[in-house]
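A quick write-up on the structure given underneath.
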Amino acid sequence: MSTKPASSRKSSVGKVHLPPKAFAAKARIGSMAAYERLYRESIKRPTDFWAREAKDLQWRKPWTKTLVWKAPFAKWFVGGKLNVCENCVDRHAEGPRRNKAAILWEGEPGDRRTLTYGQLHREVCRFANALEAAGVRSGDRVLIYMPMVPEAAIAMLACARIGAVHNVVFGGFAADAIADRLEDSGATTVVTADGGWRRGKVVALKPAVDEALRRYKHVKRVIVLRRCGNPVDMRAKRDTWWHDATAAVSARHTARAFDSEHPLFMLYTSGSTGKPKGILHTSGGYLTGTHATCKYVFDLRDEDVYWCTADVGWITGHSYIVYGPLAIGATQVMYEGAPNFPDFGRFWKIIEDHGVSVFYTAPTAIRAFIRAGDHFPAAADLSSLRLLGSVGEPINPEAWNWYHRHIGGGRCPIVDTWWQTETGAVMIAPIPGATPLKPGSAARPFFGIDAAVLDDAGRECPPDQEGRLVIRKPWPSMARTIHGDPARFKKTYWSDYPGLYTAGDGARRDKDGDFRIIGRLDDVLNVSGHRLGTAEIESALVAHPAVAEAAVIGRPDDIKGQAVAAFVTLKTGVGETSALKEELRRHVAGVIGAIARPDDLVFAPGLPKTRSGKIMRRLLKELITTGSISGNITTLEDFTVIDTLRERIGGEPTP
Ligand code: WTA
């Protein structure tokens with residue numbers, strides 16, 4: 001790992017932005033002194049802090065013990081019982097928020113729907129009844145593969161209501177990825193749609209489910225929402241339309257209480273092996289974490305119109321579209337389609353039309369907007385905004401400054417939120433009414449979160465020295481395990497330093513104690529904020545009959561953060577043609593999904609390896625980034641390999 005001091009880097013700190021007075025005056029935490037006080041308290045006695053936050057939720061039975069911690073396995077609010085869906089829907093539908101908009105939905109073609117909390121309640125109850133009529137019971141796994149329509153959230157909430165464990169698969173994943181997740185989770189039911197709208201076209205979803213179900217045979221019921229009207233095959237007995245399944249059932253449903261530690265969902269995420277991990281989250285702790293961060297980090301209020309642009313297929317969509325905002329009773333925008341349809345003005349028009357006040361998006365989107373031109377946001381009235389957020393990857397100071405000026409009009413704080421699928425909720429972020437903001441810094445840990453940066457020996461790094469980001473105390477929304485593989489959970493996250501959670505990210509703290517996240521330390525790429533394992537893409541490539549060996553690395557990219565670069569050695573006798581290059585790129589998209597399609601594909605007669613046969617990805621990365629190798633290559637087994645690759649990269653522009 002690099003332990004270069006920051007002084008050798010280009011300084012990118014720039015100006016510090018203090019919270020606007022008007023914002024601070026109304027915020028729940030209105031000064032740094034208030035933050036420091038509450039933070040100190042929360043770290044001294046985290047269970048007291050979290051127990052207080054958990055009381056914002058509606059419990060059917062109080063817990064008897066706040067935390068039972070047998071590292072690395074945590075149980076929060078032990079003995080407590082609640083229904084997560086009731087917390088997100090019923091308690092609002094039964095009170096003064098009954099006729100408040102929960103979801104202001106906009107389809108890509110421009111169609112709109114509003115669901116009040118009262119209406120959402122009826123829809124969720126109907127779907128819960130439909131799932132039960134289909135034989136789904138508490139603990140059963142339900143795979144959800146949907147476009148960004150309200151029914152995606154309704155399906156998740158209905159699962160939570162009946163205690164079924166949902167596993168949402170991002171609509172951009174391909175059939176093999178669905179089949180892997182069905183198999184690993186042991187799902188019995190699938191909820192999908194005919195398709196969704198993306199850049200003016202229908203992206204069909206049902207055919208991918210059909211293909212996955214040819215491999216995995218244990219699904220008894222597929223419920224299909226008609227969204228686009230594209231033709232789909234419906235298999236008799238197994239497949240049923242959403243509108244039919246919900247027509248026959250009541251809009252009332254009695255929610256049972258479940259244990260605080262009842263599994264809520266699993267969500268697969270990439271790691272450094274070829275097999276994605278099913279991260280398991282449970283009920284009471286997860287909801288406490290997502291609710292508390294909506295309260296303090298997004299400072300959400302009843303009068304806000306909140307919009308998170310993530311997809312429900314990722315953790316951000318779970319925590320900050322479905323569970324957190326609904327638990328706090330927010331009104332939110334949900335949008336189906338692409339940011340650039342029909343042009344790059346779409347987001348800004350949505351903000352203007354719906355009066356969005358809190359906007360949460362990703363650096364990759366911001367960089368694409370910068371490239372598209374300032375005239376797009378300039379053409380919209382963005383004066384309703386009061387707070388901006390960023391997530392998914394480090395935000396570079398240039399993008400931060402543009403976002404602050406062109407979207408926030410210089411008046412909106414930006415909360416750069418660092419967290420992960422595994423952490424469930426935001427872990428490091430500014431508190432908008434309190435924290436002085438430094439572009440590119442995620443600032444301070446959230447209340448109750450004991451974050452630190454350690455060197456290889458486990459010592460805390462001095463200011464400005466890069467090390468590994470760790471969390472030293474358990475927190476309620478932490479992953480409970482990897483589904484079916486507790487040993488892997490322990491090994492992946494809890495073995496670098498005994499008893500501490502290692503995030504897999506590099507970070508450094510400055511002298512004020514603010515964190516700057518550098519990026520992944522393992523073989524995980526972050527492409528447009530999406531996590532992809534190099535090993536997953538490599539194994540997809542090697543599965544192609546023409547390929548002997550492959551090495552995948554992330555190349556810095558101005559828009560996506562990282563682009564996928566693949567070095568491929570073909571089997572003897574296979575010709576290196578540009579048609580084959582295209583075919584291999586398509587092949588990866590077909591196996592994993594379009595997000596994994598290599599941006600660069602270089603044929604490599606040989607790959608740089610150590611004498612023990614390990615591929616030296618570090619050299620490939622340097623080569624593709626700078627065009628040459630400057631570092632130590634004495635461990636390289638065959639030096640000519642590098643020369644050949646250098647020639648190929650130089651003489652061969654990106655395909
Ligand atoms: C990266 C997304 C820097 C990081 C919520 C982490 C970030 C991985 C930030 C998790 C941020 C996320 N600054 N890096 N604000 N947010 N990351 O599981 O590398 O899809 O480990 O969760 O994204 O990605 P995941």
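In listed order, ligands and their atoms are each counted from 1. Because the structure is a prediction, the values reported are computed rather than measured.
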Return the orientation label for the H281 and Y286 ring planes: parallel under 30°, perpendicular over 60°, tilted otherwise.
tilted
Would you call the rings of F49 and F446 parallel, tilted or perpendicular, taking 30° and 60° as the class edges?
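The arrangement is perpendicular - the two ring planes meet at more than 60°.
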Just jot down the ring-ring contact (aromatic ring centres under 6.0 Å, His included) partners of F515, sequence neighbours excluded, or say none.
none
Restricting to ring-ring contact (aromatic ring centres under 6.0 Å, His included), what partner residues turn up for H483, sequence neighbours left out?
none
N167: side chain to side chain contact (heavy atoms under 4.5 Å, CB included) partners, not counting sequence neighbours
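By the side chain to side chain contact (heavy atoms under 4.5 Å, CB included) rule, N167 matches L143, V169, R181, S185, M266, Y268.
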I want to know whether F347 and F369 have ring centres closer than 6.0 Å.
yes
Using a 4.0 angstrom limit on heavy atoms, which residues are close to ligand 1?
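For ligand 1, the residues that come within the 4.0 Å heavy-atom cutoff are I315, T316, V391, G392, E393, P394, D416, T417, W418, W419, Q420, T421, D505, I517, R520, N526, R531.
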